[in-house]
Q: 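Questions regarding the structure given below will be posed in turn.
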Amino acid sequence: MEGIEGESSGAGRFTLPPMRISNEDIIFCVDVDAESLMEMKSTGFNGKPITRLDAMKQAILLFVNSKLSINPDHRFAFVTLAKTASWLRKEFSSDIESTLTAVRGISATSACGQADLTHLFKLASHEAKKSRAQNRILRVILIYCRSSVRPQHQWPVNQKLFTMDVLYLHDKPGPDNCPQKVYDALVDALEHVSENEGYIFESGQGLARILFRQMCVLLSHPQQRCVQDDVDIPKSLVKKSPAADTTNGEDTVPVTSSQ
């Protein structure tokens, strides 16, 4: 697959010198704290509310199927996050049935307290070196759902061997939680370890479709990305009035980027 990297000239032309785009090895790291069992506003086929974990599983399957449709040579592995990270399926594979089996095996635990991302970064760096030896690149997609517990890590600033994306599902701010502080800690972790442009998205609205939409943006290859501030997709297919566009019929949550 050929990639492009833009460069403008004095005459205003935009040249696109070719570059080789590497196949990806992608590690999904799924938060299995008890908060992953919180119910969302969305409902399943039986009419009952789905949990965050249900939505996370559906989003992963959406991503894997879509990513393999783009390029069948991408591969996937799975990690769960409780107090620390643990392998669920260490072998990278592009086999859909293997992915289905791994995703079905993800289950929530009791409340885990603070999450330490250090081991996640260690295993990702180890796998990234093996990926590079095969002319591939490694990416971690962390799906985090603790509203009151900031993750921590101990990792060297100058060791960036992989790219990390984050999807953060949380409750609305209240006396018992601090999603803004958690979000800021996740931004810090992402910037600390990411080799290429990493994306972070959050949602406190409890709507599965928002998670699916954000997961679709993560289909973008790390070597072909613009900075997140310039991302303006997906665009609405319906022209909305200014009032409707402001509210969108959904509750807004004041969790903002400090970037």
Side-chain angles (χ1 to χ4, degrees), residues 24-40 42 44 50-67 74-93 96-124 127 138-153 162-171 179 182-183 185-186 189-190 193 198-204 206 208 210-219:
E24 287 193 85
D25 288 335
I26 298 173
I27 298 175
F28 281 101
C29 180
V30 181
D31 188 359
V32 292
D33 181 83
E35 289 194 52
S36 67
L37 295 178
M38 294 287 291
E39 290 185 348
M40 305 186 74
S42 307
I50 64 173
T51 65
R52 288 174 178 168
L53 185 58
D54 293 331
M56 289 189 283
K57 290 181 178 182
Q58 292 175 25
I60 290 171
L61 294 177
L62 169 66
F63 180 96
V64 171
N65 277 282
S66 300
K67 194 72 172 174
H74 295 310
R75 305 185 304 193
F76 308 91
F78 295 88
V79 166
T80 57
L81 180 67
K83 288 183 180 296
T84 187
S86 303
W87 281 113
L88 178 67
R89 191 191 74 190
K90 186 175 182 180
E91 297 75 22
F92 285 93
S93 173
I96 289 292
E97 290 301 320
S98 177
T99 293
L100 281 169
T101 300
V103 169
R104 287 170 181 156
I106 301 173
S107 59
T109 65
S110 56
C112 302
Q114 190 167 46
D116 189 341
L117 302 180
T118 305
H119 187 60
L120 172 64
F121 297 163
K122 285 181 179 179
L123 63 86
E127 295 300 324
L138 187 124
R139 176 164 40 137
V140 172
I141 299 179
L142 170 63
I143 312 178
Y144 193 79
C145 61
R146 304 179 205 186
S147 300
S148 59
V149 182
R150 283 175 284 183
Q152 65 177 7
H153 65 85
F162 57 92
T163 301
M164 186 168 83
D165 294 326
V166 180
L167 295 173
Y168 178 37
L169 306 179
H170 59 85
D171 297 331
V182 176
Y183 178 86
L186 290 168
L190 182 153
V193 300
Y199 288 169
I200 177 168
F201 296 104
E202 58 80 26
S203 175
I210 294 179
L211 174 62
F212 300 158
R213 185 172 65 205
Q214 294 168 344
M215 183 65 89
C216 287
V217 178
L218 298 188
L219 289 169

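The analysis underlying the following values was restricted to heavy atoms, covering all of them including side chains, and did not include hydrogens, waters or symmetry mates.
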Q: With side chain to side chain contact (heavy atoms under 4.5 Å, CB included) as the criterion, how do Met38 and Leu169 come out once you've worked through the C-alpha distance, each side chain's angles and the decisive distance to 0.1 Å?
A: CA-CA 10 Å; Met38 294 287 291; Leu169 306 179; over 6 Å; no
Q: Calculate, to the nearest 0.5 Å, the distance between atoms CD1 and OG1 belonging to Ile96 and Thr101 respectively.
A: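 The distance works out to 11.0 Å.
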Q: What distance do Leu142 atom CG and Leu167 atom CG have between them, rounded to the nearest 0.5 Å?
A: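 These two atoms lie 8.5 Å from each other.
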Q: If you define the side chain from C-beta out and look only at heavy atoms, does anything of Ile60 sit under 4.5 Å from Val30?
A: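 SC-SC contact between Ile60 and Val30 confirmed.
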Q: For the OG atom of Ser66 and the CG atom of Leu219, what is their distance to the nearest 0.5 Å?
A: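 CG of Leu219 is found 5.5 Å from OG of Ser66.
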Q: Would you check if Phe162 and Val140 make a side-chain contact, meaning some heavy-atom pair closer than 4.5 Å?
A: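 Yes - at least one pair of side-chain heavy atoms lies under 4.5 Å apart.
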Q: Please enumerate all residues that pass side chain to side chain contact (heavy atoms under 4.5 Å, CB included) together with Ser86, with sequence neighbours excluded.
A: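 Residues passing side chain to side chain contact (heavy atoms under 4.5 Å, CB included) with Ser86: Thr80.
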Q: Are Lys122 and Thr118 side-chain neighbours, meaning at least one heavy-atom pair lies under 4.5 Å?
A: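 Yes. Closest side-chain heavy atoms under 4.5 Å.
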Q: Which pair of non-hydrogen atoms, one from Val182 and one from Pro151, has the smallest distance, and what is that distance?
A: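 For Val182 versus Pro151, the nearest heavy atoms are CG1-CD, 4.2 Å.
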Q: Find the distance between CD (Gln214) and CG (Leu211) and round it off to the nearest 0.5 Å.
A: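 Taking CD in Gln214 and CG in Leu211, the distance rounds to 6.5 Å.
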Q: Please report the C-alpha distance between Ser148 and His170 in whole Å, then the side-chain angles of each, then the deciding distance to 0.1 Å, and finally whether the side chain to side chain contact (heavy atoms under 4.5 Å, CB included) criterion is met.
A: CA-CA 9 Å; Ser148 59; His170 59 85; over 6 Å; no
Q: With a 4.5 Å heavy-atom cut-off, do Gln58 and Met56 have their side chains touching?
A: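 A side-chain contact under 4.5 Å is absent here.
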Q: Which heavy atom of Leu190 sits nearest a heavy atom of Gly198, and at what distance?
A: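 Looks like CD2-O, 3.6 Å.
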Q: For the atom pair CZ (Phe28) and CE (Met215), what is the distance rounded to the nearest 0.5 Å?
A: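 One finds 5.0 Å between CZ of Phe28 and CE of Met215.
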Q: Going by heavy atoms in the side chains, are Glu202 and Leu186 under 4.5 Å from each other?
A: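 Not in contact.
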Q: Taking the side chain as every heavy atom from C-beta outward, state whether Leu62 and Cys216 have any pair of such atoms under 4.5 Å apart.
A: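 Contact flag for Leu62/Cys216 side chains = yes.
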Q: Between Arg139 and Asp165, does the salt bridge (charged side-chain N to carboxylate O under 4.0 Å, His left out) criterion hold? Intermediate values first, please.
A: CA-CA 8 Å; Arg139 176 164 40 137; Asp165 294 326; 2.7 Å; yes
Q: Let me have the donor-acceptor pairs involving side chains of residues 102-114, under 3.5 Å, with sequence neighbours excluded, atom names and distances please.
A:
from	atom 1	to	atom 2	distance (Å)
Thr109	OG1	Val32	O	3.1
Gln114	NE2	Arg150	O	3.0

Q: Just do the side chain to side chain contact (heavy atoms under 4.5 Å, CB included) check on Ile210 and Phe201 with the steps written out, would you?
A: CA-CA 10 Å; Ile210 294 179; Phe201 296 104; over 6 Å; no
Q: Testing the basics here: between Leu81 and Ala115, what is the closest heavy-atom pair and its distance to 0.1 Å?
A: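 Looking at all heavy atoms of both residues, the closest pair is CD2-CB, 4.0 Å.
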Q: Between Met40 and Ala208, which heavy-atom pair has the shortest distance, and what is it?
A: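 In terms of heavy atoms, the two residues are closest at CE-N, 3.8 Å.
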Q: How close do Trp87 and Leu123 get, counting heavy atoms only, and between which atoms?
A: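 Looks like CZ2-CD1, 3.7 Å.
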Q: Within this structure, what is the CD-NE2 distance for the pair Glu24 and His74, rounded to the nearest 0.5 Å?
A: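 That separation rounds to 5.5 Å.
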Q: Taking side chain as C-beta onward, heavy atoms only, is Met164 less than 4.5 Å from Ile141?
A: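 No, their side chains stay 4.5 Å or more apart.
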Q: I need the minimum non-hydrogen distance between Arg52 and Cys145, along with the two atoms involved.
A: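 Taking every non-hydrogen atom into account, NH1-O, 3.2 Å.
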Q: For Thr51 and Asp54, test the side chains for any donor-to-acceptor distance below 3.5 angstrom and give the result as yes or no.
A: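 There is such a pair between these side chains.
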Q: Could you go step by step and tell me if Ile27 and Phe78 meet the side chain to side chain contact (heavy atoms under 4.5 Å, CB included) rule?
A: CA-CA 5 Å; Ile27 298 175; Phe78 295 88; over 6 Å; no
Q: Can you name the residues that form a salt bridge (Lys or Arg N to Asp or Glu O under 4.0 Å) with Asp31, not counting sequence neighbours?
A: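 With sequence neighbours excluded, Asp31 shows a salt bridge (Lys or Arg N to Asp or Glu O under 4.0 Å) to Arg146, given in chain and number order.
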